[in-house]
Enquirer: 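To start, I am sharing the structure in question, which I have written as structure tokens.
Atoms within a ligand are numbered from 1 in the order they appear, just like the ligands themselves. Residues: numbered from 1 along the sequence shown.
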Amino acid sequence: MKEQNHGKLKRDFKSLYRKILLASVVVAIVGIALIYFMVDPSLSAFKANEPDTEIVDMPVEDDFDKIENGIHSRTGFIDAPGMTETIQNCTNCHSSKLVIQNRMNAERWKTTIKWMQETQNLWDLGENEAVIINYLVTNYPPKKVGRRAVLTDIEWYQLEE
Ligand code: HEC
């Protein structure tokens, strides 16, 4: 009789223990799901393959090549034939300012480009070289520094010894 009671008690405990375990597992899963939902309410982690339209639709592209009053906003280059080639080849390593502030003739541009190709890893510009040089010389002509005018009507005098 005593043994039987003891066995039943053991079985009751076992079944109660199993129920508690199951309940805790359910509570834990629901709890984790709730916390996850609070952290990420849109459950975006489960929509991995949808394109992120928010970023795609941003107007960055529009401003990227905006021309205002004949000036390319992003680089400051004058909008004229050859500007695109110049932007594409001459603003990768240094600012466009370095290009704009250096006013040279075609010959010196050729030398500068050759120098960058030999020492700074500038690539072969191919047909664009002529386009770029023409753009630079036309829109940023060398400032007239030149020599002073030849002196005329001078009264020379003899140095006395
Ligand atoms: C691969 C990189 C690279 C590219 C592309 C590049 N440059 Fe340069 N350029 C340089 C470096 C490096 C210098 C030296 C910068 C410095 O001294 O701070 C330089 C210097 C210059 C200078 C100043 C030269 C001087 O005598 O001080 C001018 C002007 C210039 N570049 C124009 C151009 C033009 C025009 C193009 C397009 C055809 C161009 N760069 C493309 C790397 C490049």
Enquirer: Main chain of I78, side chain of Y140: is a donor-acceptor contact present, judged purely on distance under 3.5 Å?
Expert: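 It does hold such a pair.
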
Enquirer: Considering only protein heavy atoms, which is closest to atom 33 (C) of ligand 1, and at what distance to one decimal place?
Expert: M116 CE, 3.1 Å

Enquirer: Is it true that, when you exclude N121 itself, more than 12 heavy atoms of the residues, nucleotides or ligands shown sit nearer than 6.0 Å to its CG?
Expert: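 Counting other residues, nucleotides and ligands, CG of N121 stays at 12 neighbours or fewer.
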
Enquirer: Starting from atom 14 (C) of ligand 1, locate the nearest protein heavy atom and write down its residue, its atom name and how far away it is, to 0.1 Å.
Expert: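 Answer, as residue, atom name and distance: W115 CH2, 3.8 Å.
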
Enquirer: Taking N128 for the side chain and V131 for the main chain, is one N or O donor matched with an acceptor at less than 3.5 Å?
Expert: no

Enquirer: Geometry only, no angles: is T112 polar-contacting ligand 1 at N/O separations under 3.5 Å?
Expert: no

Enquirer: Which protein non-hydrogen atom lies closest to atom 25 (C) of ligand 1, naming both residue and atom, and how far is it?
Expert: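 In this structure, atom 25 (C) of ligand 1 has N102 OD1, 4.6 Å as its nearest protein heavy atom.
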
Enquirer: Taking 4.0 angstrom as the limit and counting only heavy atoms of L125, give me the atoms of ligand 1 inside it, by number and element.
Expert: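 The atoms of ligand 1 under 4.0 Å from a heavy atom of L125 are 38 (C).
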
Enquirer: Can you tell me how far CG of D65 sits from OG1 of T84, rounded to the nearest 0.5 angstrom?
Expert: 7.0 Å

Enquirer: If you count every heavy atom of other residues, nucleotides or ligands that lies below 6.0 Å from E127 atom CD, does the total exceed 12?
Expert: no

Enquirer: Do protein heavy atoms approach atom 11 (C) of ligand 1 to less than 4.0 Å?
Expert: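 Protein heavy atom within 4.0 Å of atom 11 (C) of ligand 1: present.
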
Enquirer: Using atom types as modelled and distance alone, determine if a side-chain donor or acceptor of Y135 lies under 3.5 Å from a backbone N or O of A130.
Expert: no

Enquirer: How far is atom 41 (C) of ligand 1 from the closest protein heavy atom, and which atom is that?
Expert: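 So the nearest neighbour among protein heavy atoms is N89 O, 3.4 Å.
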
Enquirer: I'd like to know if the side chain of N89 pairs up with that of W123 as donor and acceptor (distance under 3.5 Å, no hydrogens or angles considered).
Expert: yes

Enquirer: Any non-hydrogen protein atom below 4.0 Å of atom 7 (N) of ligand 1?
Expert: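 When distances to the protein are checked, atom 7 (N) of ligand 1 has a heavy atom within 4.0 Å.
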
Enquirer: Atom 31 (N) of ligand 1: protein heavy atom closer than 4.0 Å?
Expert: yes

Enquirer: Quick one: nearest non-hydrogen protein atom to atom 16 (C) of ligand 1, plus distance?
Expert: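 Checked against all protein heavy atoms, atom 16 (C) of ligand 1 sits closest to L98 CD2, 4.8 Å.
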
Enquirer: With no hydrogens and no angle check, is any side-chain donor or acceptor of N105 less than 3.5 Å from a backbone partner on E107?
Expert: yes

Enquirer: For ligand 1, which atoms sit closer than 4.0 Å to a heavy atom of W109?
Expert: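 Once the distances to W109 are compared, the set is 29 (C), 32 (C), 35 (C).
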
Enquirer: Looking at N121, which atoms of ligand 1 are within less than 4.0 Å of one of its heavy atoms?
Expert: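 What qualifies from ligand 1 is 1 (C).
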
Enquirer: What's the shortest distance from atom 2 (C) of ligand 1 to any protein heavy atom, and which residue and atom give it?
Expert: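 Residue, atom and distance for the closest contact: C93 SG, 1.8 Å.
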
Enquirer: Give a yes/no verdict on whether any heavy atom in M104 is under 4.0 Å from an atom of ligand 1.
Expert: yes

Enquirer: How many angstroms lie between atom NZ of K110 and atom CD of Q117, to the nearest 0.5 angstrom?
Expert: 12.0 Å

Enquirer: Do me a favour and list the nearest non-hydrogen protein atom to atom 38 (C) of ligand 1 with residue, atom name and distance?
Expert: C90 SG, 2.6 Å

Enquirer: Heavy-atom contacts under 4.0 Å between T86 and ligand 1: side chain, backbone, both, or neither?
Expert: neither

Enquirer: Check whether any side-chain N or O of S95 sits under 3.5 Å from a backbone N or O of T91 as a donor-acceptor pair, and report yes or no.
Expert: no

Enquirer: Give me the residue, atom name and distance of the protein heavy atom closest to atom 40 (N) of ligand 1.
Expert: H94 NE2, 2.7 Å

Enquirer: Are L98 and M104 grouped together when hydrophobic residues (ILVMFWY) are joined by side-chain heavy atoms under 4.5 angstrom apart?
Expert: no

Enquirer: State whether any protein heavy atom lies less than 4.0 Å from atom 27 (O) of ligand 1.
Expert: no

